[in-house]
Amino acid sequence: MKVGMNTLVLGGQPWTTDDAIFARLKEIGYDGVELPIFEGTPADYSALGKRLDAIGLERTFVTIIPDETTNPISPDPDVRENAKRRLEWALECGNAVGATLMCGPWHSPLGVFSGDGATDDELHRLEEVHRHTAERAEEAGIQLSLEAVNRFECYAKNTMAQLADHAARIDHRNFGVMYDTFHANIEECDPIAAFTDHAQWINHVHISENDRGIPGRGHIDFEATIGAIRHSGYDGWLTVEAFGRTIPTLAAATRIWRDLFPDHDTLFVESHELIRRYWEEAA
């Protein structure tokens, strides 16, 4: 198992993050960082990758569908082609930074709704885009891990069962799904069973508290959750995802109106300690 920290909490341009912060994460005991790839160029990420190599941190990355002009479920074929190009750009940047996995809710733009659940036509269109993305990801040597997001942020994929069905339809060795404790806490009747029942498809995990603050300070049962994850045989990343107010647009989209932790170092230290402790106890 590897422990990661999603650096979106520090800002949306990871190449601007000071090396001292990355070095501090390494000192605490993190194996790697999860970088937001929302903007920038492959050159930006290539330079960042060299810096992270020097510090000794591995990389995964998260990306999104930024707006309706790149929506993979759009009925407009030109928009779906934009979606393919957007995801190809993310993979190019991820490859440049030396990342091994791309996660996130790249099934639909956040905050865009139709007034109903996803239709069969929308899901078929999504499958076509994601098969294309899986092929490009394999060429880049990057695993894919699609994220289910709660009903208040999207309507395309909300549950682990929906993700597992989608992954089975894609049927590509590079295509997996992600388990996120925050979204499971909202959408799943039994969050732990939602992991164990679909463990065969899960290749990435986000450790996120019910308020998106410091894991362990809320009501999610991380002891039981991490125990179930270890007992399943999962041996991938457990990556901390917490949100702050650094990026105003993201804070608005995720409804972050208040500070959820006293400072970044407290977030880093407590999160790492919680994951390592429960993982070892589960043995």
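The figures here come from the full heavy-atom set of this structure, side chains too, leaving out hydrogens, waters and symmetry mates. Just so you know, these numbers come straight off a predicted model, no measurement behind them.
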Using a 3.5 Å distance criterion without hydrogens, assess whether the side chain of [X] forms a donor-acceptor pair with backbone atoms of [Y].
{"X": "Tyr234", "Y": "Trp237", "result": "yes"}
{"X": "Thr181", "Y": "Ser208", "result": "yes"}
{"X": "Glu209", "Y": "Ile220", "result": "yes"}

Check this for me, if you would: do [X] and [Y] make a salt bridge, where the nitrogen-to-carboxylate-oxygen distance has to be below 4.0 angstrom?
{"X": "Glu27", "Y": "Arg24", "answer": "yes"}
{"X": "Glu135", "Y": "Arg131", "answer": "no"}
{"X": "Asp19", "Y": "Lys26", "answer": "no"}
{"X": "Glu81", "Y": "Lys84", "answer": "yes"}

Item to complete: Let me see the working for Glu139 and Arg136 under salt bridge (Lys or Arg N to Asp or Glu O under 4.0 Å), right down to the final yes or no.
Response: CA-CA 5 Å; Glu139 293 170 1; Arg136 300 290 84 78; 2.8 Å; yes
Over all atoms of both residues, closest heavy-atom pair of [X] and [Y]:
{"X": "Ala282", "Y": "Gly227", "answer": "CB-CA, 3.7 Å"}
{"X": "Pro72", "Y": "Arg80", "answer": "O-CD, 3.4 Å"}
{"X": "Thr196", "Y": "Ala228", "answer": "CG2-CB, 4.1 Å"}
{"X": "Pro66", "Y": "Ile64", "answer": "CD-O, 3.5 Å"}

Discussion item. With side-chain hydrogen bond (donor to acceptor under 3.5 Å, both in side chains) as the criterion, how do Thr239 and Asn6 come out once you've worked through the C-alpha distance, each side chain's angles and the decisive distance to 0.1 Å?
Written reply: CA-CA 7 Å; Thr239 295; Asn6 186 314; over 6 Å; no
Worksheet item: How far apart are the C-alpha atoms of His204 and Gln143, what are their side-chain angles, what is the distance that settles it, and do they pass the side-chain hydrogen bond (donor to acceptor under 3.5 Å, both in side chains) test?
Response: CA-CA 10 Å; His204 197 55; Gln143 289 288 314; over 6 Å; no
Within-4.5 Å side-chain heavy-atom neighbours: [X] and [Y]:
{"X": "Glu281", "Y": "Ile226", "result": "no"}
{"X": "Thr69", "Y": "Arg86", "result": "no"}
{"X": "Ile65", "Y": "Pro109", "result": "yes"}
{"X": "Ile214", "Y": "Pro262", "result": "yes"}
{"X": "Thr7", "Y": "Phe22", "result": "yes"}
{"X": "Val3", "Y": "Trp279", "result": "no"}
{"X": "Asp44", "Y": "Leu48", "result": "no"}
{"X": "Glu280", "Y": "Arg230", "result": "yes"}

Item to complete: Start with the C-alpha gap between Ile229 and Thr225, add the side-chain angles, then the distance that decides, and say whether side-chain contact (heavy atoms from CB on, under 4.5 Å) holds.
Response: CA-CA 6 Å; Ile229 292 170; Thr225 299; 4.0 Å; yes
Practice prompt. Start with the C-alpha distance between Glu187 and Thr159, add both sets of side-chain angles, then the distance that settles side-chain hydrogen bond (donor to acceptor under 3.5 Å, both in side chains), and finish with yes or no.
Written response: CA-CA 6 Å; Glu187 291 293 341; Thr159 69; over 6 Å; no
Discussion item. With a sphere of 6.0 Å drawn around CD of Glu68, does it hold more than 12 non-hydrogen atoms of other residues, nucleotides or ligands?
Written reply: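 No, because the 6.0 Å sphere around CD of Glu68 holds 12 heavy atoms or fewer from other groups.
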Would you be so kind as to tabulate the donor-acceptor pairs closer than 3.5 Å made by side chains of residues 110-120, with sequence neighbours excluded?
| residue | atom | partner | partner atom | Å |
| --- | --- | --- | --- | --- |
| Ser114 | OG | Asp116 | N | 3.3 |
| Ser114 | OG | Asp116 | O | 3.1 |
| Thr119 | OG1 | Glu122 | N | 3.1 |

Discussion item. Just checking Tyr179 against Phe195, ring centres under 6.0 Å apart?
Written reply: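 Between Phe195 and Tyr179, which both carry aromatic rings, the centre distance is below 6.0 Å.
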Worksheet entry | Ring centre gap for His166 and His130 strictly below 6.0 Å | yes
Report whether [X] and [Y] are members of the same hydrophobic cluster (ILVMFWY, side-chain heavy atoms less than 4.5 Å apart, transitive linking).
{"X": "Val62", "Y": "Leu101", "answer": "no"}
{"X": "Met178", "Y": "Ile37", "answer": "no"}
{"X": "Leu274", "Y": "Met1", "answer": "yes"}
{"X": "Leu123", "Y": "Val177", "answer": "no"}
{"X": "Ile192", "Y": "Phe182", "answer": "no"}

Item to complete: Could you go through the side-chain contact (heavy atoms from CB on, under 4.5 Å) check for Val129 and Leu87 one step at a time?
Response: CA-CA 9 Å; Val129 172; Leu87 293 171; 4.2 Å; yes
Practice prompt. Would you please test Ile170 and Glu127 for side-chain contact (heavy atoms from CB on, under 4.5 Å) and show each step?
Written response: CA-CA 6 Å; Ile170 299 298; Glu127 290 165 19; 4.0 Å; yes
Worksheet item: Should the ring pair Tyr30 and Phe268 be called parallel, tilted or perpendicular, given that the plane angle runs from 0 to 90° and is split at 30 and 60?
Response: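 Ring orientation, 0 to 90° scale: perpendicular.
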Item to complete: For Trp201 and Leu163, run side-chain contact (heavy atoms from CB on, under 4.5 Å): C-alpha distance rounded to whole Å, both residues' side-chain angles, the deciding distance at 0.1 Å, then the answer.
Response: CA-CA 9 Å; Trp201 302 107; Leu163 285 187; over 6 Å; no
Fill in: Qualifying residue, where the test is side chain to side chain contact (heavy atoms under 4.5 Å, CB included) with Ile73 and the options are Asp121, Leu126, Val79
Leu126
Discussion item. Applying the salt bridge (Lys or Arg N to Asp or Glu O under 4.0 Å) criterion to Glu270, which one of Arg276, Arg277, Arg217 satisfies it?
Written reply: Arg217
